[in-house]
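Notes for the one structure printed next.
Atom set for the values below is all heavy atoms of this structure, side chains included, hydrogens, waters and symmetry mates excluded.
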Amino acid sequence: MEEEGEPVVNISDVEQFHQESPSENGVMLVVNHSNIQPPFSVVLATLLYCAEFVCAAVLCNMYHKSDDDTWMGLTITFMLVPAVLTQLALTFIHRDLGRDRPLVLFLHLLLLGPLIRCFEALMVYFKAGKEEEPYVTISRKIKLKKDQGTPMEWEIGHSERKLATHRNAFKRTAVIQAFLGSTPQLTLQLYATIQEKYLLPTRMTLMIICLISVTYGALVCSVLAINIRYDDYKVRLRPAAYLCMILWRVLEIATRVTSLVLFSTALTYWVIPVGLGNLLFFFLLPWVEFWARRASLPDNVEKNFSKLGTTVVLSLVTFLYACINIFCWSAVQLDLGHRDLIEKKQRWGRLAAYYGGRFLENGALITLWYFHKSDFYEYVCAPLLVAQLLICYSLAVLFMLLFYQFCHPCRRLFRHNVHDCLACVCCCICCHRGGGREGQAQPNSYSTTATMVLVPLEPPDLTSQLVERETAIIEDIMEAA
């Protein structure tokens, strides 16, 4: 059936036909056929990779002609480092080092790995369905409908499994490209534009591509967090949810990058301790929690890895986690002692602390820029710009709250939603102003006023139900015999 180390298929990428086989009690539904969805995520990640690489190369050529060696060197660095890491990630995920594929490895050396992987995924998609193939595993999920969970099964064939491998690989490379390449590239080019006091069309194009890449990487993080926390449920996001997340992430990232760039133009050398402080804090936080729990390193990162190799891989993962949190909320918390490296429990207190602290930090950076700004901004209404940045970040938080209140695919599993928490805060304020007089309605007690508690529905034991169903069929056959 399912081999160890093979990827888990995301059921949201598989569209089901309406050929279902209910069990006797109407609980278990078996889907025998599936229609494979096109690998849009693979194509999009490849297009963003190629567009950013080509545009950065063109801009480096322009810097070389104008003798801007500093801008050229930094642009090349932020272009090549994520590209090399992308090749390594694709090679590691597909396990090509132990296979006889010299052409694929050669293309990875030429930094063309995403192109050949995208071509392979498209070939698998177009060949799927032409020949009947046996399924290799059964995926079991719970479908939420009107506050009730219905267990369902899907037969996963070879084509679905191969496409799942490509999708999972490109989701990881999209995050690497976004936060190790696109984000510093966007920050650099915006800083260069302000310092040189003119905007090149090529530079503007690169900044737009980088912003799209970072937004897509943040969306992948959010969706990945939902899929991990609700692994037993079938998760499907609606277009309104994607729209809400896009507005949330665009405003959050754009405000953060602008605040850092404005601060760096006024206090150039002080931005270094600010960036390093953020990086060290988020890098050391998972390790401090790991040591506080007295946990041990997981042994399933890679079979052939030693303790040193596992530590190096976990350090790289933690570094990526820290880079994400410098610019936006990562939506996941690392648990270095867990086999999945991700903590499935949602810490709403940490989410509130992150956005509260980030709002104060952005406000402090913008305020320092306001008092130390150069003469270049004499024709800019500085108070208006400060107000716009703070309002944009507040709108990002608002869209995040709207997402969890109305658009989250598993919001029915929340015991208390955003509206309940805000109502609790208002009731506490009213009770405090009224002096706590008797006879007033007291709100429900929460651990903190900004905390939402997740109580998932108790998932049924799908394996035991499957065994009971097969036993009942065997008993019927024996009675008939």
Side-chain angles (χ1 to χ4, degrees), residues 44-66 68-89 111-114 170 172-221 246 249-265 268 271-272 274-276 278-279 282 316 319-328 330 365:
L44 178 58
T46 305
L47 290 177
L48 289 175
Y49 170 84
C50 296
E52 183 175 345
F53 191 91
V54 172
C55 192
V58 173
L59 186 60
C60 288
N61 185 40
M62 298 177 64
Y63 285 149
H64 176 70
K65 292 180 179 180
S66 58
D68 292 327
D69 296 334
T70 302
W71 304 136
M72 183 185 68
L74 292 175
T75 303
I76 291 176
T77 300
F78 296 141
M79 176 183 68
L80 291 181
V81 170
V84 173
L85 293 177
T86 297
Q87 314 306 316
L88 294 176
L111 303 181
L112 298 177
F170 273 89
R172 286 155 178 78
T173 57
V175 175
I176 294 174
Q177 177 69 28
F179 294 100
L180 297 183
S182 301
T183 309
Q185 191 76 269
L186 175 62
T187 306
L188 170 67
Q189 303 307 326
L190 183 58
Y191 179 81
T193 299
I194 295 177
Q195 291 295 100
E196 295 186 353
K197 300 180 177 60
Y198 66 91
L199 181 63
L200 293 173
T202 307
R203 184 188 291 156
M204 183 65 183
T205 303
L206 179 58
M207 287 192 293
I208 293 175
I209 295 174
C210 289
L211 182 59
I212 296 174
S213 177
V214 177
T215 304
Y216 177 68
L219 291 180
V220 170
C221 291
I246 289 173
R249 291 303 194 174
V250 167
L251 291 172
E252 179 184 7
I253 295 169
T255 305
R256 177 62 176 170
V257 171
T258 305
S259 301
L260 289 174
V261 171
L262 290 178
F263 177 76
S264 63
T265 57
T268 304
V271 75
I272 298 177
V274 171
L276 288 179
N278 277 271
L279 181 64
F282 289 108
L316 293 177
F319 178 76
L320 177 60
Y321 170 79
C323 292
I324 296 173
N325 281 282
I326 290 177
F327 295 95
C328 69
S330 62
L365 295 177

Tell me if a side-chain donor or acceptor on [X] pairs with a main-chain N or O of [Y] at a distance below 3.5 Å.
{"X": "Glu252", "Y": "Cys328", "value": "no"}
{"X": "Thr265", "Y": "Leu262", "value": "yes"}
{"X": "Asn61", "Y": "Ala57", "value": "no"}
{"X": "Ser213", "Y": "Cys210", "value": "no"}
{"X": "Arg249", "Y": "Tyr216", "value": "no"}

Nearest-0.5 Å distance that lies between atom [atom1] in [X] and atom [atom2] in [Y]:
{"X": "Ile253", "Y": "Leu186", "atom1": "CD1", "atom2": "CG", "value": "9.0 Å"}
{"X": "Thr86", "Y": "Arg172", "atom1": "OG1", "atom2": "CZ", "value": "13.5 Å"}
{"X": "Met207", "Y": "Leu199", "atom1": "CE", "atom2": "CG", "value": "5.0 Å"}
{"X": "Tyr49", "Y": "Ile176", "atom1": "OH", "atom2": "CD1", "value": "11.5 Å"}
{"X": "Phe179", "Y": "Ile326", "atom1": "CZ", "atom2": "CD1", "value": "11.0 Å"}

Locate the shortest heavy-atom distance separating [X] from [Y]; write the atom from each residue and the value.
{"X": "Ile209", "Y": "Leu48", "result": "CG2-O, 4.4 Å"}
{"X": "Gln87", "Y": "Gly113", "result": "OE1-N, 3.0 Å"}
{"X": "Ser182", "Y": "Val214", "result": "CB-CG2, 3.6 Å"}
{"X": "Tyr63", "Y": "Gln189", "result": "OH-OE1, 2.8 Å"}
{"X": "Leu200", "Y": "Met62", "result": "CD1-CE, 4.2 Å"}

Contact between [X] and [Y] at the side-chain level, heavy atoms closer than 4.5 Å - yes or no?
{"X": "Leu260", "Y": "Tyr191", "value": "no"}
{"X": "Thr187", "Y": "Arg256", "value": "no"}
{"X": "Thr215", "Y": "Leu211", "value": "yes"}
{"X": "Phe319", "Y": "Leu180", "value": "yes"}

Using only heavy-atom distances, determine whether the side chains of Gln177 and Glu52 contain a donor-acceptor pair under 3.5 Å. yes
Is the NZ or CZ atom of Arg203 both under 6.0 Å from the centre of the six-membered ring of Tyr198 and within 45° of that ring's axis? yes
Does the pair Leu59 and Met79 meet the rule for a side chain to side chain contact (heavy atoms under 4.5 Å, CB included), with working shown? CA-CA 11 Å; Leu59 186 60; Met79 176 183 68; over 6 Å; no
Greater than 12 external heavy atoms within 6.0 Å of Lys65's NZ: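 12 or below, so no.
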